[in-house]
Colleague: 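Pasting a structure below so you can have a look.
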Amino acid sequence: MSSSLLRRVTVGFAALTGLLGTGLIGIQAANAVTSPILVVDVDSGKVIYSQAPTDPWYPASITKLMTTYVALDLVRQGKVSLDSMITISAAAASEPPSKMGFRPGTQLTLDNALKIIMVKSANDIAYAIGESLGGSIENFADLMNETAQRIGMRDSRWTNPNGLPDPRQWTSARDMAVLARALIRDFPDSHDLFSISAIQFGRAVMANHNGLLGRYPGADGMKTGFICSGGFNVVATASRNGRRVITIVMGQPSPRERDVKAADLFDYAFTQSAGWTSPTLDALPASSLGAPPDIRPYVCGGKKPPPIDDGAGAVSAPGSAAQLIGGAAANSPALAMAAFSSPALRARTLPPRAPLQPIAVWIGRNPAEGQQILEAQENAQKSAAANTRAAKLEAAKAKREAALQAAKQAREARLEQAKAANAAKAAAKPASKVAAKPAHGLPHSASAYTSVETPGMPEAKPGKGLSKPAAKPAAHKAPAKPEARKAEVKKAQAKKAAADE
């Protein structure tokens with residue numbers, strides 16, 4: 001066996017055994033679930049590798065590939081055109097993320113709507129496509145189911161155009177391969193729709209969630225999807241040396257594992273040839289499962305689920321399974337599996353993404369109209385914000401004035417209560433008796449040296465070292481007559497003479 005053939009077999013065994021070894025969900029559980037995997041040659045429809053290819057599975061946003069096929073088919077039939085206007089209804093605007101968040105009544109062309117759902121995976125836009133083209137979501141779901149049967153999908157049931165969780169909606173890896181081949185075969189002019197690296201709306205640039213685009217050489221489409229119950233899914237296409245391959249990977253616990261596994265499958269597929277012994281998609285046996293498994297506990301568990309289908313991929317160590325295995329001389333499945341399961345391979349990631357090349361999208365019929373609509377909406381938003389601020393300021397002012405008035409009234413009420421209490425206290429207290437004032441009280445200006453005659457003291461005799469007592473002031477009498485006055489003088493003189501003796 002030549003060295004090149006040995007290397008080819010080694011790589012094939014490594015990829016297959018590695019995928020089989022890591023493709024079981026909840027392997028320790030009593031009822032392990034196998035995640036669907038399928039690799040198909042586009043031109044021949046031959047199966048290169050499969051794992052649970054017909055098991056029912058929740059599709060998540062890869063549903064939008066079905067929505068796109070129905071829309072492009074209506075364009076092909078002449079019932080609508082890519083310039084037909086899609087209107088955002090209130091129901092569409094209320095769909096959960098991922099979304100564009102356009103206001104109800106906003107319109108955009110079908111062409112822009114399809115670009116948005118392929119790159120941004122906007123649920124509100126996909127819902128609006130269904131309503132606008134089908135008249136209602138129910139009618140559009142009927143179109144999806146009729147179209148699916150017509151192109152050979154036999155395991156799918158559709159109820160909505162965006163892939164948001166619905167236990168009645170499921171598909172299979174086989175059916176998604178059938179759909180991918182039909183999109184490539186029936187709408188060759190729309191090939192670029194599935195390989196847009198990013199869109200630009202206004203100043204916002206949104207990258208494609210497909211983590212293989214710009215990371216895996218030759219990757220050129222198509223769509224990713226995620227819900228907790230179905231895990232991370234991808235329908236991917238890649239070309240090498242004129243050969244195109246479709247790879248479907250479903251039920252992965254993270255975008256990194258989904259992207260790395262898809263890259264390994266492409267590496268394996270490009271080393272294989274789909275010979276006459278390889279089965280076709282139509283020859284794959286039906287599944288024994290009656291409904292999709294719910295892998296929410298395994299994928300999300302108690303963690304908060306990712307808000308959008310995020311296909312960022314990994315950005316550290318470059319390389320592929322073939323490059324890392326190199327020319328190893330493994331010549332048995334056991335050695336190949338050991339090589340594939342090495343820690344270096346399990347931790348492997350894809351290289352950084354190539355620079356984005358955004359495609360412009362807009363609302364309205366053309367970019368000029370879209371710009372006018374955006375400016376009008378921006379002015380209306382500013383005006384509403386200014387009105388809201390003014391209303392808040394006015395409300396705050398009224399609140400302050402009300403608080404000041406309430407405080408003033410409270411103070412006045414307290415003063416009135418205090419006055420009433422004092423009046424009641426004064427009325428309840430008995431009147432006090434007024435003390436009688438003395439008839440001859442001393443004036444405030446009286447001196448301590450004021451001459452006051454002290455009663456009861458004996459009169460000192462002359463000659464005892466005491467001065468002669470001063471004469472008593474005469475009592476105030478009415479003026480006497482001259483004769484009486486003379487008699488009084490004589491009498492006083494007689495008394496004095498007697499005293500001298």
Side-chain angles (χ1 to χ4, degrees), residues 59-65 67-68 71 82-134 136-137 140 159-166 193 196-211 223-228 255 304-312 356 358-389:
S61 283
I62 60 175
T63 296
K64 295 179 176 75
L65 289 173
T67 300
T68 299
L82 290 176
D83 292 328
S84 296
M85 302 305 291
I86 303 300
T87 302
I88 307 297
S89 68
S94 66
E95 289 291 273
S98 174
K99 62 194 295 182
M100 292 297 289
F102 293 150
R103 299 177 183 178
T106 301
Q107 290 188 318
L108 69 164
T109 64
L110 176 60
D111 182 54
N112 280 325
L114 292 176
K115 291 174 181 175
I116 291 172
I117 68 171
M118 283 296 102
V119 176
K120 171 66 174 173
S121 196
N123 294 321
D124 51 351
I125 304 301
Y127 194 99
I129 292 173
E131 281 188 322
S132 297
L133 300 187
S136 68
I137 293 300
F140 191 80
T159 60
N160 68 57
N162 52 24
L164 284 171
D166 187 331
L193 181 63
I196 301 172
S197 65
I199 57 172
Q200 180 169 356
F201 179 75
R203 292 185 293 271
V205 174
M206 291 155 271
N208 198 313
H209 295 309
N210 188 344
K223 187 73 186 75
T224 61
F226 166 78
I227 60 173
C228 286
K304 182 179 180 181
I308 61 173
D309 167 28
D310 184 8
L356 300 176
I359 301 296
V361 295
W362 55 86
I363 57 177
R365 291 177 174 81
N366 52 61
E369 181 179 333
Q371 185 62 32
Q372 292 176 355
I373 296 172
L374 288 177
E375 290 176 355
Q377 290 181 352
E378 185 176 357
N379 292 333
Q381 187 175 4
K382 289 181 179 179
S383 177
N387 292 337
T388 300
R389 286 194 300 269

Colleague: What distance separates I117 CD1 from K115 NZ, expressed to the nearest 0.5 Å?
Modeller: 12.5 Å

Colleague: Would I359 and Q200 satisfy side-chain contact (heavy atoms from CB on, under 4.5 Å), going step by step from the backbone distance to the final call?
Modeller: CA-CA 6 Å; I359 301 296; Q200 180 169 356; over 6 Å; no

Colleague: Check whether D124 reaches the backbone of A93 with its side chain - one donor and one acceptor, N or O, closer than 3.5 Å.
Modeller: no

Colleague: Which atoms form the tightest heavy-atom contact between F102 and F201, and what is the distance?
Modeller: CE2-CZ, 3.5 Å

Colleague: More than 12 non-hydrogen atoms from neighbouring residues, nucleotides or ligands closer than 6.0 Å to CD on Q381, yes or no?
Modeller: no

Colleague: Determine the minimum heavy-atom distance between A128 and T87, stating which atoms define it.
Modeller: CB-O, 3.6 Å

Colleague: In Å and rounded to the nearest 0.5 Å, what is the CE to CG distance from M118 to N210?
Modeller: 11.0 Å

Colleague: Does I363 reach the side chain of E369, with side-chain heavy atoms less than 4.5 Å apart?
Modeller: no

Colleague: Please step through side-chain contact (heavy atoms from CB on, under 4.5 Å) for the pair I199 and I116, ending with a clear verdict.
Modeller: CA-CA 7 Å; I199 57 172; I116 291 172; 4.0 Å; yes

Colleague: Say whether S121 and K223, considering side chains only, have a donor N or O and an acceptor N or O under 3.5 Å apart.
Modeller: yes

Colleague: For K64 and L114: C-alpha separation, side-chain torsions, deciding distance, then whether side-chain contact (heavy atoms from CB on, under 4.5 Å) applies.
Modeller: CA-CA 9 Å; K64 295 179 176 75; L114 292 176; over 6 Å; no

Colleague: Please find the pair of heavy atoms, one from Y127 and one from I137, that lie closest to each other, and give the distance.
Modeller: CZ-CG1, 3.4 Å

Colleague: To the nearest 0.5 angstrom, please state how far the NZ atom of K99 sits from the OG atom of S94.
Modeller: 6.5 Å

Colleague: If you compare all heavy atoms of A198 against all heavy atoms of V119, which two are closest, and at what distance to 0.1 Å?
Modeller: CA-CG1, 4.0 Å

Colleague: With a 3.5 Å distance limit and no angle check, can you tell me whether S132 reaches the backbone of I129 through a side-chain donor-acceptor pair?
Modeller: no

Colleague: What's the verdict on side-chain contact (heavy atoms from CB on, under 4.5 Å) for L108 and I88, showing C-alpha distance, side-chain angles and the deciding distance?
Modeller: CA-CA 9 Å; L108 69 164; I88 307 297; 4.2 Å; yes

Colleague: Spell out, as yes or no, whether a donor-acceptor pair under 3.5 Å connects the side chain of T67 to the backbone of P161.
Modeller: yes

Colleague: Compare every heavy atom of A71 with every heavy atom of L110, then report the nearest pair and how far apart it is.
Modeller: CD1-CB, 4.3 Å

Colleague: Shortest non-hydrogen contact from I86 to A113?
Modeller: CG1-CB, 4.3 Å

Colleague: With rounding to the nearest 0.5 Å, note down the distance linking CD1 in I373 to CZ in R365.
Modeller: 8.5 Å

Colleague: Got M206 and M100 here, is their nearest side-chain heavy-atom distance under 4.5 Å?
Modeller: yes

Colleague: Hey, what do you get for NE2 (H209) to OG (S98), rounding to the nearest 0.5 Å?
Modeller: 4.5 Å

Colleague: Counting distance only, does the side-chain N/O of S383 pair as donor-acceptor with the main-chain N or O of N379 below 3.5 Å?
Modeller: no

Colleague: With a 4.5 Å cut-off on side-chain heavy atoms, are Q377 and T106 touching?
Modeller: yes

